[in-house]
Number of protein chains: 2
Amino acid sequence: MSRRAATIVDVAKRAGVSRTTASDALRGHGRVSEGTRVAVEQAAAELGYRPNTAARSLRAATTGTIGIHLPEAMTRIDYYLQTVYGALEQAGADEVDVTVITSRRLAGEQPPPSVDGIILLDPLADDPVAERLLALDLPIVTLERAFGEVATGVVSADHEGAIRELLDHLASRGSAAPAFLASPAVTDWGTRAQVVYSAWCREQRIQPTIVERPFGSDSAAYAEATREVLAARPQTDAFLCGPDGSAIVVADVLQDAGRVVGEDVLVAAMVDSPALAYTDPPVTAVDLAPRAAGALCVELLVRIIRGEARPDASVPLPIEVRYRASTLGR
Amino acid sequence: MSRRAATIVDVAKRAGVSRTTASDALRGHGRVSEGTRVAVEQAAAELGYRPNTAARSLRAATTGTIGIHLPEAMTRIDYYLQTVYGALEQAGADEVDVTVITSRRLAGEQPPPSVDGIILLDPLADDPVAERLLALDLPIVTLERAFGEVATGVVSADHEGAIRELLDHLASRGSAAPAFLASPAVTDWGTRAQVVYSAWCREQRIQPTIVERPFGSDSAAYAEATREVLAARPQTDAFLCGPDGSAIVVADVLQDAGRVVGEDVLVAAMVDSPALAYTDPPVTAVDLAPRAAGALCVELLVRIIRGEARPDASVPLPIEVRYRASTLGR
DNA sequence: TTGAAAGCGCTAACAT
DNA sequence: ATGTTAGCGCTTTCAA
């Protein structure tokens with residue numbers, strides 16, 4: 001566009017100083033005198049000077065950019081997109097850019113983008129993309145899953161505690177046979193949920209009822225899963241809903257089947273969303289604080305990159321159960 | 001990490017050729033012989049060579065990265081996040097990286113990230129961030145809003161047609177007094193919706209009923225807006241719901257008020273979402289195809305950057321009304 | 001307090 | 001078919 005962008009040499013020339021001085025002045029290094037600093041800044045403003053980040057990166061051998069990756073299957077799930085946005089906001093505060101790394105971007109022979117570090121959101125077990133990124137030998141922060149072989153920073157929540165809290169709550173509200181609509185054990189979160197549910201059932205001497213649907217399933221799949229449970233185990237008196245967006249469908253199917261949610265059947269979701277506070281009835285859910293999760297990941301990664309935190313540092317993510325009418329009754 | 005990353009000189013040395021030859025071999029330029037190509041590729045693989053993008057950018061005076069910006073207020077809205085993801089996917093296919101530009105990133109004195117072009121998603125009127133980005137004098141593509149002063153590529157849908165289709169449909173289903181829960185006229189979409197609704201009411205000699213809530217309002221705000229309309233105009237027999245996520249709340253409030261959605265009151269949404277197909281009843285809505293929107297923006301921007309499309313090219317986005325029980329009856 | 005020079009890694013232009 | 005040279009814009013020595 002227009003003509004060539006102004007470089008630091010142009011600025012220096014206009015201010016009548018050397019490029020070194022111009023550079024120092026613009027970055028506020030102490031060595032320049034106040035007068036020259038002002039002159040250089042004015043020259044820069046007049047020319048609309050913007051530092052060339054490529055040149056800076058080349059010189060500094062760092063990019064000022066971090067990458068964030070989430071598994072392909074998760075890109076339609078509101079929770080993860082919120083997490084990405086939380087990360088973007090924090091990145092703005094930490095003055096780093098963020099490149100979102102899609103699976104597709106790494107599928108072919110394309111080299112991975114140049115970044116100073118990488119965030120992996122709840123990486124799948126054996127995800128080839130995650131493996132490739134781990135092999136890059138860069139600072140890494142994962143949400144939830146830690147990889148044994150590589151030292152990574154980890155942000156993780158006490159999902160076990162939250163799910164147990166939900167199950168105990170269902171039991172205390174009179175449920176004797178809570179079923180679990182589960183996400184597959186391919187993410188760490190999915191795995192831990194299944195483990196906790198099974199353990200809890202064992203402790204309570206309750207027969208577990210698990211029905212599983214892949215990540216990214218559509219509403220119809222969850223509806224069908226619900227009907228499947230109702231047919232197989234009619235005595236089911238509560239549903240623990242794993243997948244984001246599934247609770248609303250489960251509640252709908254139950255109501256169509258003549259059950260009264262919150263009264264003769266309870267529904268609790270493992271992933272809260274704004275909609276769940278306004279369904280009829282509102283649905284009890286775990287607020288996974290996705291924005292905070294993303295922000296914490298960035299904060300930790302930036303500290304690792306800057307050498308202010310150990311590469312295997314670990315940060316807790318506070319999460320909380322929101323109790324609503326679907327388990328409390330009307 | 002580990003030791004210094006391999007450069008092209010290391011590769012060249014190992015393959016016993018000059019760096020130019022190594023460079024040409026790796027990028028498949030015809031000048032190298034098959035034998036050397038193989039040798040260079042093997043050397044690169046052995047060293048785990050990855051081209052330094054900063055150096056490439058500096059040399060080529062392009063970054064291989066595009067920026068995408070959406071207004072701060074929109075970052076909690078599923079529709080926009082889906083759009084961003086549609087863009088990311090297409091970017092993967094076009095082999096460009098994407099940096100998401102948050103408002104915060106540009107709020108302070110930080111220089112804008114270096115990119116080859118920018119996508120502005122439904123920019124707000126007088127958004128200072130958008131203004132700054134427009135002033136960068138880079139190729140730009142906007143979703144919906146065209147700016148008079150600057151030549152930008154534009155991706156836009158026939159919202160007027162879709163909204164008229166909805167309103168005609170409501171009328172044909174017997175509505176004589178449809179109310180409009182509107183988004184503010186700060187986005188192009190919001191503005192056009194209000195204009196169309198008003199025009200349609202005038203043509204039909206129907207008194208318009210508009211209640212407006214800011215972008216990013218929570219469910220409670222939509223609930224209150226609904227009650228406000230019911231109180232002010234009890235004869236209201238249909239709701240056109242603008243904000244993403246509002247229809248589910250409106251339907252809920254109506255049902256609490258003893259109305260039967262789909263029978264004695266109709267509900268239609270201007271923004272479809274997966275949940276709307278599974279509420280009770282399912283809600284008629286306009287499928288705005290956010291993924292496609294994002295993808296089209298990237299595709300157009302990349303063509304403009306490559307000089308394959310005019311900088312003010314315009315691309316239509318197909319959208320479609322999904323008819324469901326909230327207006328069709330049970 | 002300031003300047004000159006070197007070099008980050010890469011590729012296009014110009015030899016050979 | 002391959003090699004040599006120059007230079008993209010910046011910052012960091014080193015010297016004055």
Side-chain angles (χ1 to χ4, degrees), chain A residues 1 3-41 43-44 47-65 97 110-116 136, chain B residues 1 3-41 43-44 47-65 97 110-116 136:
Chain A
M1 314 271 99
R3 71 209 174 296
R4 210 177 103 279
T7 76
I8 200 162
V9 179
D10 301 322
V11 174
K13 229 177 253 164
R14 183 169 192 119
V17 297
S18 76
R19 41 200 247 194
T20 314
T21 304
S23 173
D24 287 339
L26 288 173
R27 284 170 309 139
H29 281 205
R31 41 188 279 176
V32 296
S33 73
E34 187 62 16
T36 39
R37 220 212 61 232
V38 173
V40 170
E41 269 171 3
L47 293 171
Y49 169 73
R50 290 181 296 122
N52 180 317
T53 44
R56 266 197 183 160
S57 296
L58 181 56
R59 186 63 238 247
T62 109
T63 65
T65 303
D97 287 327
Q110 301 177 50
S114 298
V115 292
D116 295 336
L136 252 35
Chain B
M1 315 273 99
R3 70 208 178 295
R4 209 179 103 280
T7 75
I8 201 162
V9 180
D10 301 321
V11 174
K13 230 176 252 167
R14 183 170 190 118
V17 297
S18 76
R19 36 197 247 209
T20 315
T21 304
S23 173
D24 288 340
L26 289 173
R27 284 171 308 140
H29 282 204
R31 37 190 281 177
V32 295
S33 74
E34 187 62 15
T36 40
R37 218 210 64 230
V38 173
V40 169
E41 270 170 3
L47 294 171
Y49 169 74
R50 290 181 296 121
N52 179 316
T53 45
R56 268 197 181 160
S57 295
L58 182 56
R59 186 62 239 242
T62 109
T63 65
T65 303
D97 288 327
Q110 299 176 50
S114 300
V115 292
D116 295 337
L136 251 36

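The sequence lines fix the lettering, A, B, ..., with proteins before strands; numbering per chain opens at 1.
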### Message
My understanding is that only residues two or more places apart in sequence, or in another chain, count here; which of them pass side chain to side chain donor-acceptor pair (under 3.5 Å) with T20(A)?
### Response
none
### Message
R37(A): which residues meet the salt bridge (charged side-chain N to carboxylate O under 4.0 Å, His left out) condition with it, sequence neighbours left out?
### Response
E34(A), E41(A)
### Task
Specify the separation, in whole Å, of atom CG of N52(A) and atom P of dC8(D).
11 Å
### Query
Expressed in angstrom and rounded to an integer, what is the separation of Y49(B) atom OH from dG9(C) atom P?
10 Å
### Query
Does S33(A) make a side-chain N or O approach to OP1 or OP2 of dT2(C) shorter than 4.0 Å?
yes
## Note on the structure
Overall bend of the helix from dT1(C)-dA16(D) to dT16(C)-dA1(D) (five pairs an end, 10° steps) is 40°
### Task
When you get a sec, tell me which of dT11(C), dG9(C), dG3(D) is the closest nucleotide to the side chain of T21(B)?
dG3(D)
### Query
Between atom CG in L58(A) and atom P in dC10(C), what is the gap in whole Å?
9 Å
### Task
Check the side chains of S23(B) and R19(B) for a donor-acceptor pair under 3.5 angstrom, ignoring hydrogens and angles.
no
### Message
Base, sugar-phosphate or nothing for I8(A)? Non-hydrogen atoms, less than 4.0 Å.
### Response
sugar-phosphate
### Message
The side chain of V32(A) is closest to which nucleotide in this list: dT2(C), dG9(D), dG9(C)?
### Response
dT2(C)
### Query
What pairs with D10(A) under salt bridge (charged side-chain N to carboxylate O under 4.0 Å, His left out), at least two apart in sequence or on another chain?
R4(A)
### Side-chain N,O (T36(A)) to OP1/OP2 (dT2(C)) below 4.0 Å
yes
#### Entry: Closest nucleotide among dG3(D), dT11(C), dG9(C) to the R19(B) side chain
dT11(C)
### Message
With nearest nucleotide decided by heavy atoms, which residue, V9(A) or G16(B), maps closer to the 5′ end of DNA chain D?
### Response
G16(B)
### Query
Is there side-chain contact between T7(B) and N52(B), with at least one heavy-atom pair below 4.5 Å?
no
### With sequence neighbours excluded, residues passing side-chain contact (heavy atoms from CB on, under 4.5 Å) with T36(A)
V17(A), V32(A), S33(A)
### Query
Can you list the residues that meet the side-chain contact (heavy atoms from CB on, under 4.5 Å) rule with D97(B), with sequence neighbours excluded?
T99(A), R105(A), P113(A), T65(B)
### Task
Name all residues meeting the side-chain contact (heavy atoms from CB on, under 4.5 Å) criterion together with S114(B); count only those two or more places apart in sequence or in a different chain, and write none if there are none.
T53(A), T63(B)
### Task
Tell me, please, which residues at least two apart from R50(B) pass salt bridge (charged side-chain N to carboxylate O under 4.0 Å, His left out).
none
### Query
Can you tell me how far P of dC8(D) sits from CZ of R56(A), to the nearest Å?
18 Å
Protein-nucleotides 12-16 of chain C N/O pairs closer than 3.5 Å?
residue: dA12(C); atom: O4'; partner: R59(B); partner atom: NH2; Å: 3.3

